[in-house]
Amino acid sequence: PAQGVSLWLTLPPAVDPEALFAEAHRRGVLVSPGTLHGVGGRGAHGVRLTFCAEPAARVAEGARRLGEAVAALLEQRPARVEQEQTAALG
């Protein structure tokens, strides 16, 4: 498109928007956590994707990297939950 486009991506409950922001940023992709766009907790389980006049190949690469970031967070989740439970017991 000749002008900007914003898309809303609803995340699975196991993926924290703030953590996805950080992980995606490490991979060269900027997203906006939903916590910045909602009132009273609305939007807390998503991210906003905004782009303008990007070539299709660049959008596809960004989507691939974002997918990798989500997968990395989902892989880390069991270890993170175990650490939190151990800390709560300790």
Side-chain angles (χ1 to χ4, degrees):
Q3 298 180 354
V5 173
S6 292
L7 300 173
W8 183 259
L9 178 63
T10 301
L11 300 172
V15 177
D16 176 62
E18 300 287 336
L20 181 57
F21 166 78
E23 185 64 31
H25 187 257
R26 280 192 282 279
R27 295 168 188 272
V29 176
L30 294 177
V31 298
S32 183
T35 52
L36 297 176
H37 301 286
V39 176
R42 294 185 66 207
H45 294 293
V47 292
R48 183 175 165 182
L49 311 174
T50 305
F51 52 94
C52 178
E54 296 291 342
R58 187 170 163 105
V59 173
E61 177 63 17
R64 185 188 67 75
R65 291 181 188 188
L66 184 59
E68 288 177 350
V70 170
L73 292 175
L74 290 172
E75 288 174 10
Q76 294 172 5
R77 181 160 167 64
R80 203 168 50 240
V81 168
E82 185 177 319
Q83 290 172 352
E84 291 170 0
Q85 289 172 345
T86 301
L89 294 174

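Every heavy atom of this structure was used, including side-chain atoms; hydrogens, water molecules and symmetry mates were not.
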query = Of the non-hydrogen atoms in Ala72 and Glu23, which two are nearest, and what is the gap between them?
reply = CB-OE2, 4.0 Å
remark   = Separation between CG (Leu49) and CH2 (Trp8), nearest 0.5 Å, reads 9.0 Å
task = List the atom of Val29, the atom of Gly62, and the distance in Å for their closest heavy-atom pair.
result = CG2-O, 3.9 Å
inquiry  = Rounded to the nearest 0.5 Å, what separates atom CG in Leu36 from atom CD in Glu18?
reply    = 6.0 Å
inquiry  = Show, in sequence, the C-alpha distance, side-chain angles and deciding distance for Arg65 and Glu68, and conclude whether the salt bridge (Lys or Arg N to Asp or Glu O under 4.0 Å) test is met.
reply    = CA-CA 5 Å; Arg65 291 181 188 188; Glu68 288 177 350; over 6 Å; no
request  = Kindly indicate, with the supporting measurements, whether the criterion side chain to side chain contact (heavy atoms under 4.5 Å, CB included) is fulfilled by Arg48 and Leu7.
outcome  = CA-CA 6 Å; Arg48 183 175 165 182; Leu7 300 173; over 6 Å; no
note = The reported gap from NE2 in His45 to CG in Asp16 (rounded to nearest 0.5 angstrom) is 9.0 Å
key: Straight-line distance of Arg27 CZ to Glu61 CD, nearest 0.5 Å   = 11.0 Å
request  = For the pair Val47 and Leu11, evaluate side chain to side chain contact (heavy atoms under 4.5 Å, CB included) and give the outcome as yes or no after the intermediate values.
outcome  = CA-CA 7 Å; Val47 292; Leu11 300 172; 4.0 Å; yes
task = Locate the shortest heavy-atom distance separating Gly34 from Pro17; write the atom from each residue and the value.
result = N-CB, 4.1 Å
request  = Give the C-alpha distance, both sets of side-chain angles, the deciding distance and a yes or no for side chain to side chain contact (heavy atoms under 4.5 Å, CB included) between Leu66 and Leu20.
outcome  = CA-CA 8 Å; Leu66 184 59; Leu20 181 57; 4.0 Å; yes
query = What heavy-atom pair brings Pro33 and Val31 nearest, and what distance separates the two atoms?
reply = CD-O, 3.7 Å
inquiry  = Tell me whether Val5 shares a hydrophobic cluster with Leu9, the cluster being built from Ile, Leu, Val, Met, Phe, Trp, Tyr side chains joined at under 4.5 Å.
reply    = yes
request  = Determine whether more than 12 heavy atoms belonging to other residues, nucleotides or ligands lie under 6.0 Å from atom CZ of Arg58.
outcome  = no
